[in-house]
Protein chains: 2
Amino acid sequence: MAYENLNEREKKVLSCLISYYVASADPVGSRAIANKFRLGISPATIRNTMQDLEEMGLVQQPHTSAGRIPTDAGYRIFVDTLLRQEQLSEADKHAIDSTILAMAGGVEAILDQTSRVLADLSRQLGVTISPKLDDSILFHIELIHMAEGKVLVVLAFKSGLARTILLEVDASIGWVELSEISRLLNEKLAGLSLGQIRRSITERLHDSGGDPKLLRLFLDSESDVWMGADADQLHIEGTRNIIEQPEFADRQKLWELMKILEKRTDLAGILRNYQETGSGIIITIGAENQAREIQSCSVVSASYKAGNTTGTIGIIGPTRMPYAKLMSLVKYAARQLSKVLSGE
Amino acid sequence: MAYENLNEREKKVLSCLISYYVASADPVGSRAIANKFRLGISPATIRNTMQDLEEMGLVQQPHTSAGRIPTDAGYRIFVDTLLRQEQLSEADKHAIDSTILAMAGGVEAILDQTSRVLADLSRQLGVTISPKLDDSILFHIELIHMAEGKVLVVLAFKSGLARTILLEVDASIGWVELSEISRLLNEKLAGLSLGQIRRSITERLHDSGGDPKLLRLFLDSESDVWMGADADQLHIEGTRNIIEQPEFADRQKLWELMKILEKRTDLAGILRNYQETGSGIIITIGAENQAREIQSCSVVSASYKAGNTTGTIGIIGPTRMPYAKLMSLVKYAARQLSKVLSGE
DNA sequence: TTTTATCACTCGAAGGGATAGAGTGCCAGA
DNA sequence: TCTGGCACTCTATCCCTTCGAGTGATAAAA
């Protein structure tokens, strides 16, 4: 659709209408635009322009005698061609820096704090997903012999990420076999990505001595060790912000949103998908979203680097959201995260 | 207050009123009770009894011409003296067993699933808190030398719990010093509880060789290692269930609840507190709760054992909840958790 | 040709009875 | 001591009206 041939006036009116609507949440009338913004044209002219915009499907009327609200397509144009980059305030920058840069204790703790600060600054939902382990390079694998036939497997990744998995093993396995296996695993697997390991584990370990009883726990590519470690860690904060939004005054809508927020793996998959189609900031508006339950929402997301793998952060809220501000927020947070997690 | 001297009829009426109200969420009138339950007395008599109950503060009228609803005190009597133990259905038992017993991969994963199954079966909020590390006995401490002056500290506890903390260290520290420190830490600290370690770390490590540069990171009792590891892990599921409850039709109320649910540490502290005052199932009704934000809620909680330390699980919902069922749910889940985490 | 002022029209939100119904308290009688 | 009956109270709901915001259309002005 050749949206570029909006004329200057149409661009201005659409732009004003969206800014006004984002702030007020009420349908915007021609008078409101004429008064609030000094466009030098009368309400009647604005009305005519709005009719044109409506024919193009960029705005719509909830009912005959109401003002207009933007459609998904309207927001899309706005985001793609009209939106002016916004500078993040120093206060916001500082808030992000002091959470991300100052945090210690590991990647998950940082991500947890990041989703919180995103939620607080945006007054929407803040979401972070931990780095995809599939590409993450295994740095070291450690087996710790716990009591009663239990072995704690520690996977340490180059990115600083760590996962622990508790394995049930044959009680008769002693620490001698264990350290032998441990040596073997490190020798054969360190330096590979988790994905590579999973795909080729059988071949790599096949003809290498060691106690087969214990080794068997690692041999299968579907093993708890490799699958359990890969589970996406999703951090969501700011549920209370969403409750305040007028678009979720309807309990039914709120319920649907919550439902998908609680299906962690599904949501993680959706967000991950967006990143694969491009880099930088990705904005997904309303019905562009894959899951029906969030088709009245928009997602502003970006990926961050952690070593040689990537994760995703984002903000989720109603399509009526301050895109410019949220873009700069997510962009800045992603950059700072990458800095911290990839060591500059 | 000598509530025991409720006469038989008062007990029966209170009991019926509560069961009816729990199901309907509407104020209960005398006619409703007379029709629904075969008490052999007329609505007029029930009215008189209800007046008595109201004078005792066990029920109240939202307004003059409405039925009665139970007060916190009314629920308290009901729970303490009238409630009949309920047998958990085989289906529910099976649901719990198949999540808790079948899960592998470590304590946190089990707890995550547990809070979910609690939420699903109760249609309320399901909450679990990981075992208190303060009493948890350190089994082994492992230091893994990551790239660029970073050390991954793995704390493995006897209960099967594990924590990893990423430490920034002087880049010059090599793996020789590291394994020396590692040996030293295990020698001096393994077998002690995290609490003991924190309280006496300075004395224990004071006059023991080793590279002071690295050791310093562990010496302080406020060190990231000991504090970071102790952070409560709180798993909450079932937010969507709460949205459905009529008592949270009011956005303001829902907002307040969400607010405290997002203050993880506060909530964890509150739930922990309950457990300290007793053992078995603890029910905390409405205003009995410490935090103002959940004084329109009740909490059914119990503690589980994981090795020689304990954690808490519970269900949170409006005071109008099916106490008997939730008690048996929480009880059973706590028992199964203890079984799995303490090895029978 | 484009813009503006004006006006009749539409529709939803808000307010105001009126009504129905659920439930009570009380009293007199069983 | 219990019950049936009755007058009373209060809310929820429906319907009606009104109000106002906003529109589209048209004709005049630029």
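Heavy atoms only: backbone and side chains are in, while hydrogens, waters and symmetry mates are out. Predicted, not measured: the structure shown is a model, and the values here were computed from it. To find a chain, count down the sequence lines: A is the first, B the second, and so on, and within it residues start at 1.
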Pairs under 3.5 angstrom only: tabulate donor-acceptor contacts from the side chains of residues 29-45 of chain A to other protein residues two or more places apart or in another chain.
residue	atom	partner	partner atom	Å
A:Ser30	OG	A:Arg47	NH1	3.2
A:Ser42	OG	A:Ala44	N	3.4
A:Ser42	OG	A:Thr45	N	3.4
A:Ser42	OG	A:Thr45	OG1	3.2

List every contact pair, protein side and nucleotides 28-30 of chain C side both N or O, where the distance is under 3.5 Å.
none

task = Name all residues meeting the side-chain hydrogen bond (donor to acceptor under 3.5 Å, both in side chains) criterion together with A:Glu237; count only those two or more places apart in sequence or in a different chain, and write none if there are none.
result = A:Arg116, B:Arg264
Output a table of donor-acceptor pairs, distance under 3.5 Å, between side-chain atoms of residues 53-73 of chain B and any protein atom two or more places apart or on a different chain; print 'none' if there are none.
residue	atom	partner	partner atom	Å
B:Glu54	OE1	B:Arg68	NE	2.9
B:Glu54	OE1	B:Arg68	NH2	2.8
B:Gln61	NE2	B:Thr64	O	2.9
B:Gln61	NE2	B:Ala66	O	3.0
B:Thr71	OG1	B:Gly57	O	2.7
B:Thr71	OG1	B:Leu58	O	3.1
B:Thr71	OG1	B:Ala73	N	3.3
B:Thr71	OG1	B:Gly74	N	3.1
B:Asp72	OD2	B:Ala287	N	2.9

inquiry  = Distance check needed: C:dG23 P versus B:Ile69 CD1, whole Å only.
reply    = 14 Å
Side chains of B:Ile242 and B:Pro318 in contact at under 4.5 Å (non-hydrogen atoms) = yes
inquiry  = Quick check on contacts: within residues 43-51 of chain A, what sits under 4.0 Å from DNA chain C by heavy-atom distance?
reply    = A:Ala44, A:Thr45, A:Arg47, A:Asn48
request  = Check the distance between D:dA21's P and A:Tyr20's OH and give it to me in whole angstrom.
outcome  = 12 Å
message = Going by the rule side-chain hydrogen bond (donor to acceptor under 3.5 Å, both in side chains), which residues pair with A:Tyr323 if we only count those two or more places apart in sequence or in a different chain?
response = A:Ser298
key: Set of residues satisfying salt bridge (Lys or Arg N to Asp or Glu O under 4.0 Å) with respect to A:Asp26, sequence neighbours excluded   = none
ask   = Do any N or O atoms from the side chain of B:Thr81 and from the backbone of B:Phe78 form a donor-acceptor pair under 3.5 angstrom?
value = no
query = Which residue pairs pass the side chain to side chain donor-acceptor pair (under 3.5 Å) test when at least one of the two sits in residues 249-258 of chain B, sequence neighbours left out?
reply = A:Glu244-B:Trp255, B:Glu256-B:Arg292
ask   = For atom CZ of A:Arg123, is the number of surrounding heavy atoms from other residues, nucleotides or ligands below 6.0 Å larger than 12?
value = no
message = Suppose we screen for side-chain hydrogen bond (donor to acceptor under 3.5 Å, both in side chains). Which residues come up paired with A:Lys12, at least two apart in sequence or across chains?
response = none
query = Of all the nucleotides listed (D:dC2, D:dG4, C:dG25), which has the minimum atom distance to the side chain of B:Arg9?
reply = D:dC2
Reading 5' to 3' through nucleotides 8-20 of chain D, protein heavy-atom contacts under 4.0 Å coded B for base, S for sugar-phosphate only, - for none = -BBS---------
Residues touching DNA chain C, which here means a heavy atom under 4.0 Å, drawn from residues 24-36 of chain A = none
query = For A:Glu86, which residues count as a salt bridge (Lys or Arg N to Asp or Glu O under 4.0 Å) partner, sequence neighbours excluded?
reply = none
